[in-house]
Amino acid sequence: MPPIDTPAVPPDPTAAAGGRRPRRGKVTHFLGQNVGLVLALVMLVAAIVLYCAVYWAETQSLPGNFELTSTVNNTMPLVLAAIGQSFVVLTRGLDLSIGGTMDLANALAAVHIHDSPGSMVLWSVIVLAIGAGLGLVNGLLVGVGRLQPILATLATLSIYQGIAIKVLPQPGGSIPPVYTSVLVNPFQPYALLYVLLVALVWYAFRRSRIGVAIFAIGNDEQSARANGIDTVRARVTSFTLSGLFAGAAGLFLAATATAGDATTGNGFTLTSIVACVLGGMNLFGGRGSGIGVIAGAFVTTMIVNILFFSNIDPLYQSFYEGLFLVVAVVLSTAIGRFLRRSR
Amino acid sequence: MAKWNAALLQPLERAGLNRDRRRILYAFLAAILLFAVGEIVHPGFASPGSIGAIVMVASFVGLVAAGQTFVVLIGGIDLSVPWVLNGASILLVTSSLGQDDRAPWALLLTLGMGAAAGLVNGVAIAFLGVPAVVMTLAMNGIMEGLTLGLSGGLTCGACASYAPPVVADAVHGSLFGIPSALVLWLVVIALVSLLLSFTTFGRRTYATGNNPHASYLAGVNVRLITILLYVLSGLFAALAGILLVGFGGQASLGMGDPYLFQSIAAVVIGGVYMLGGRGHYLGVAAGAVTLVALVSVLLAMNMPDYGRNIIYGIVILLLLLLYGREEAED
Amino acid sequence: MIGRFTRRRFLQAGATAAAGLGVAGSLALPQLAPGIARAADKKFTIALSNSFIGNKWRIEMENVFKAALQMEPFASQVEGSWFNSGNDVSKQSQQISNLIAKKVDAIVVNAASPTGLNGILTQATQRGILVVSFDNIVTAPSVLKVNTDQVEFGKKLAQWLVDKLGGKGNVIMVTGVAGTSVDLDRNKGADEVWKANPGIKVVNRYTGMWDSSTAERNTTAILPSLPQIDGIWCQGGTDGVLKAFIAAKRPLPPTAGEAENGFRKFMIGYDGHKVDGISIGQPPFLSVISLELARRVLAGTYPKKDITIPFPYVTNDTVKVGETVFPDLPDSFFADFTDSGPDATVKMCIDGATDGKACPGELNVKLPPA
Amino acid sequence: MSEATQTAGGVVPPAVEGIRLAKAFGGVQAVDSATFSARPGEVHALVGENGAGKSTLIKLLGGRLRPDAGEVRAAGRKVELHGADDAHALGIWTVFQELTLLPWMTVAENLLIRREPRGRLGLIDRDRMVGEADRVLTWLGIDHIDPRALIEDLSLAQRQMVEIARVIIQDPSTLLLDEPTSSLGEKEVAWLFELIQGLRADGKCIIFTSHRWNEITSIADRITIFRNGAEVGTFTEIDEDRAVTLMTGRQLEAFYPQPPARAHDRAVLEVEELAGEGLRNASLTLHASEILGVGGLAGHGHRELFFSLFGAQAHSGRIVVDGRPARIRSPRDAARLGMALVPEDRKTEGLLLPLSVRANLTLAVLPAVSSLGLIGGARERGLAQGMVDALKIRTPGLGNPVRQLSGGNQQKVLLGRWLLADSRILLLYDVTRGVDVATKHEIYELMMRLAGEGRALLYYSSDAEELAHLCHRVLVMREGRIAAELSAPGITAEDIVTAAVRESRAAD
């Protein structure tokens, strides 16, 4: 395929317009083209620093292993949900059914996972498959049924939640401690490995054919089609991935809780969108990084911590949260715009 | 299939029912169908009293959905509805202290608050380029914090006040034998339809919703329109808050919670195009009735909660697929 | 009234959560300044971790907790703080982690999910922190539980109706938030009674979401198609159900419902309407009992054991203005913020419930005999 | 029917053929029983007016559209092309006029999309991809384009080159190029032609469309002329006058109306040092009754000039309207000053396709047809009907969606909108693009009439021929500046193109 073996074309490059220009470095390009990601990481670092500061002010010590472990464990479900959401956001859509899928995954896990290794592995796989299946249904409604993502998933959200309550009518069931310690070990921050794994999955996704296709439809659907990309398949895949990750998020939620509750996933629909936005994902598709989204998820947890240690009237808490969200988005939009212009 | 569809659609088309008008028709048909189904599974469901009650309840959803319709017509969404509504209901009772003579000012203040919340949404969306989903979501949190904080969690001295009798009567009374909440809704339906279909503002709204860039180049003040539409959405959320206080007598926390999902669902069922530019409030009004009728049928059937969720979702999907099929025909 | 979640209304709940940020806060009352007081006289640090705060019951629950902290014996023995997280399990979990990091002596928790916090709460107890859960209690075995008996709650309401109706008649059931244990338990209790009394016919059963406004709306929509109703069994939002009956010009049948002030106003006659009823409440002072339990366990004067308190209830015969019903307070106010009678567990003044202000005198919390 | 080439080796069938092809869009017959054929080893130019059906033909041959009637043959065999992939499998590749690059992806990703080098675990090896892209760019002689740059950050010419490069490296046996030079300067065109000659020498078949006659004659082996959706004839030798006559169906002079004599010398619009994104200190003066043309290669600041003047793009500089300094910060400001912009892309920038003809016509004059915000139905209909009659807009009714109208009539609706607003300064941006010949002629006549009425017209066209014939003066833009000014009489299309490409560098 490399064109070197087609000698018919002029081998003399001097005939052409322009001379070779020095290439800008890989890193320079990366920074310039991933402003959202960079800002998300900066925001995360700032949040961590601030957290350490208020933590110090309150306890005269710095956060340690326990704080790290619990922060990572508590953020894991959001990390997964937000990454799932980001696949759909890349295609200019939103997946509102993530909460419903998490509910169902959570309920199934609590009802079916028992203390034998076989059941743990088997049911984890089944739950992930069901998550992917629910995503597939969304994908088919959007890709083949040509419904708008927000509408199709609004309807399926209701359906998935209903099924979840049918599976687990009241909070209960149990998750074996072994399962918990494998997914979200309470004593050591082993869950960082999963964060790393998610980052690697994203890395691989970004470098896969289907990843390119999903990015492409977010860039420009018509161009993507003109380039021979099967846009329907890419779209269906993005929803399927979203469902798969939502399923995984449900498993982690069950594991942290050590039991199931068919309603605890609901809030993740909107928090996952928030994490995507804080992570620098462009809601109009085609741009964004999963690494940024992971950072965005951790920022939300950091904000919980910061407000915890800063003695704020709890009644006003949503006010501060809302304000923070607006300010963060406005600032990062402004900074991003400024950086791009000054390049 | 396509042919069969076309054969069916052509007479409708000839009768002046273009796609948008057909969608209104479908929304009404869906409501009628639900009443019929309800009557079968639960005799008495389609009695005049029952229909009246359902339509009355639908009017609350319909009012919030009016605001939602405005912003959806330009491809936006308003997620701040719940706490704007809550805030409005609390502001009304705390500022009126349940007294009729203070009611006019309290009403103005409350509507003003709703408009102000909408204004902030609109300005941030139109000028700062914050995505509507994010901005209105944040606004919901901001309003929640402010409402809870300022009223001390509804423990303030004035928080115990009742809706001024004039407001309560306006909701519970009746005019020419029609419940006055319903009369108000009919007036709102007429006004909103008039506003959207026969005014320059409405024309510019549809233009902006269809193509903001082209409208801008045609001299439409797209930002102003955007802001005004969010203001209207805030206003209607506040209006619904006022009516709910009148209906229930007092403000309570969490009053607005159910209205977000329902207002969006009503807009969807009413055939408004979520990406903007097409749809009528008449359809949304029918959508609100359909929605409440659906919920009521399921309640009447003693449907367990999970079943209600599932059927609810399936009905919306079916309607969407019906609309979508027509989309493909065009 | 337990929980009063509106979790299932996902959008709102999400919106609260959405900002994703959590929060906390302690109102930093001067005498509660952390660290200093503790070093001086070794107060117990006890924190309240509440989830959702957007309804009246939760506010009162927090207010009486705050009030108790300012009264003896708590004022001199306990350094308290309180935090809200909204209905976001991860957020509450993170806040509890922060409480563990602060090394509090005890955590009193009203959970966003009965199971969702088990992981982190078990960690807390493993680290020697005493955890007491109340209202929406958690299932983790190492956590102490303070609650009323929810099955009994449902039973008692139903039995009262059966007695009132002479075992025969049409009844509607207004249920709570699906997917919660409380809702299921209360319904279960009622169903047991209906089973034993075949003359009672449940003509409809629908949710009121433990919310007066929703209960009113749903009742309004469904009522016209229902036959004559002889009795109302309601888990919550009782005043809303009655208002819908009044609007539909139906007579108010005997009603077994929650402790909303609005409902009790109807019991004493309000606006020309009077209802015969029984009003049982999930008492907001569960937070205070939990606080007391934590204090005494920490002090070593009470064994580590779960507490089930009898729910306070009133009927038309016992309802009393200024004590169990308050015409000047909102309908959504929970009139059972205090217990009454000689065996009362907690007696709290009204300022405590509305403003979180200390009541005069000492606070005497009567735990069941050890 | 199908022609074959006799060679030493025997009969070689044409590389690609279209036989009695027909394709209609919403009632407009874009291609109507067109027959076309091109051989291996030849460069075949396809010429015709805008809207003659060239682009549609290319899409039919390239597999992007399916014909309503007729057949496509490749290498002598009838083929059914269900999509681009089918065409690609036969070695038929297309470079479209509308670029199909993905803006937020890198040059390398775009160049090698769907054929990225894989590394471990089957994942795309990005470094290798960049290396390979760099090699391709170097080998094609366009290594001033950085493979790691985002498409968004490239100039239009660079994008066009990437688009061409992307297809060339697929080693096509038949290459379809739809207006490949419209945004290229002199050197880039030379680069492209050298590429094409290399391909021809290698026995490939190259079909391209262009509006620049000197380019066509310099490289094409054969020329097929299209008019009204069908071929008029195929020639190996033809002079420009004859070709234009065939393309337009009338004599050159007769096709283009004479611009009216300028009655006034009053400057209505004076622009000094206008600068902004893509625009560097452009100055111009527009007089009443004047048709001032603006020409040059695509992507050299015309659009920015028009949009800045109309307030739709941030700019600095001085604008004087009717002798008074004007601050134009939005299209509304501009409209109030009597200005109007008719943009090139009427579908995305001009019209509101689902809305009625009436609503589209009156959008800019709503206050005039309403009182207290209420639209007067009768008054609105009256005004709209008046304009429909005046401009001979062919529509089933005032209430029909404007989507249902043909391209030319849509363009008239857009013009009508501003005529209703009685705009005196008309900024017409490539208004005849994609318009059928008859309507085009009507638009010319209309322009003359408007100028005759004393209105001032600033007129950009991608068709130099139009500018040469219709304008009093022509400004040629290059790299965001006014590079030359030509005055009638005696402007020729060559002059314009020459001025546009002269000294032009590959804009980077």
Side-chain angles (χ1 to χ4, degrees), chain A residues 92 94 96-97 100 103 137 141-142 144-169 262 270-271 273-274 276-278 282-284 312-334 337, chain B residues 72 77 79-80 83 120-121 124 127-155 261 264-265 267-269 273-275 303-321 323-325 327-328:
Chain A
R92 293 182 178 218
L94 281 181
L96 298 185
S97 74
D103 283 340
V137 171
L141 287 169
V142 173
V144 181
R146 299 206 281 175
L147 299 185
Q148 288 155 42
I150 211 171
L151 300 186
T153 54
L154 189 70
T156 54
L157 167 70
S158 185
I159 297 173
Y160 298 167
Q161 281 177 336
I163 300 173
I165 293 183
K166 173 72 183 153
V167 170
L168 185 68
L270 289 179
T271 29
I273 297 174
V274 168
C276 283
V277 170
L278 291 178
N282 190 309
L283 284 185
F284 299 103
I312 284 163
D313 181 347
L315 289 179
Y316 281 101
Q317 74 185 49
S318 326
F319 172 78
Y320 291 109
E321 293 167 2
L323 204 61
F324 168 80
L325 182 58
V326 177
V327 170
V329 171
V330 168
L331 267 187
S332 64
T333 314
R337 216 177 271 165
Chain B
V72 170
I77 196 164
L79 304 181
S80 68
W83 279 96
V120 176
N121 279 334
F127 281 94
L128 303 178
V130 184
V133 177
V134 176
M135 182 58 220
T136 55
L137 187 63
M139 176 54 73
N140 192 51
I142 289 173
M143 287 301 297
E144 177 182 358
L146 286 179
T147 307
L148 285 176
L150 293 177
S151 71
L154 204 61
T155 58
F261 185 91
I264 295 174
V267 167
V268 169
I269 296 174
Y273 193 55
M274 286 301 276
L275 299 182
M303 176 71 65
D305 265 298
Y306 71 87
R308 237 180 46 223
N309 276 340
I310 295 172
I311 291 178
Y312 201 73
I314 289 176
V315 168
I316 291 181
L317 269 187
L318 286 177
L319 277 168
L320 287 176
L321 287 170
Y323 294 159
R325 176 142 301 284
E327 206 75 40

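Residue numbers begin at 1 in each chain, while the letters A, B, ... track the order of the sequences.
With a 4.5 angstrom heavy-atom cutoff, B:V268 touches chain A only via side-chain atoms. Using a 4.5 Å cut-off between heavy atoms, A:I150 contacts chain B through its side chain alone, with no backbone atom that close. In this structure, the portion of A:L283 lying under 4.5 Å from any heavy atom of chain B is its side chain and not its backbone. Heavy-atom distances place the side chain of B:V133, and not its backbone, under 4.5 Å from chain A. Using a 4.5 Å cut-off between heavy atoms, B:I311 makes no contact with chain A at all.
Looking at heavy atoms from C-beta onward, B:L128 lies out of side-chain contact with A:V326 at the 4.5 angstrom threshold. Residues B:V130 and A:T333 fail the side-chain proximity criterion, which asks for heavy atoms closer than 4.5 Å. Contact of the A:Y320 side chain with the B:I142 side chain is not registered, since no non-hydrogen atoms from C-beta on lie closer than 4.5 Å. Counting heavy atoms from C-beta outward, A:I159 and B:I314 have side chains that approach closer than 4.5 Å. Put simply, the side chain of B:I310 reaches to within 4.5 Å of the side chain of A:I163, judged on heavy atoms. Between A:V329 and B:P131, some side-chain heavy-atom pair lies under the 4.5 Å cut-off. Two residues are said to be in side-chain contact when any heavy atoms from C-beta on lie closer than 4.5 Å; B:I316 and A:L154 fail this criterion.
In this structure, A:R92 has no side-chain contact (heavy atoms from CB on, under 4.5 Å) partners at least two apart in sequence or on a different chain. Remark: B:Y312 engages B:F261 in a ring-ring contact (aromatic ring centres under 6.0 Å, His included) (not counting sequence neighbours).
Residues B:V134 and A:V277 approach most closely at CG2-CG2, 3.5 Å, considering heavy atoms. For B:A138 against A:G322, the heavy-atom pair with the smallest separation is CB-O, 3.4 Å. The heavy-atom pair separating B:G313 from A:S158 by the smallest distance is N-OG, 3.8 Å.
Note that the CG atom of A:L315 and the OG1 atom of B:T147 stand 11.0 Å from one another [nearest 0.5 Å]. Rounded to the nearest 0.5 angstrom, B:D305 CG and A:Q161 CD are separated by 11.0 Å. The line from CG of A:L147 to CE of B:M274 is 12.0 Å long, rounded to the nearest 0.5 Å.
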Can you check side-chain contact (heavy atoms from CB on, under 4.5 Å) on B:M143 and A:F319, steps first, answer last?
CA-CA 7 Å; B:M143 287 301 297; A:F319 172 78; over 6 Å; no
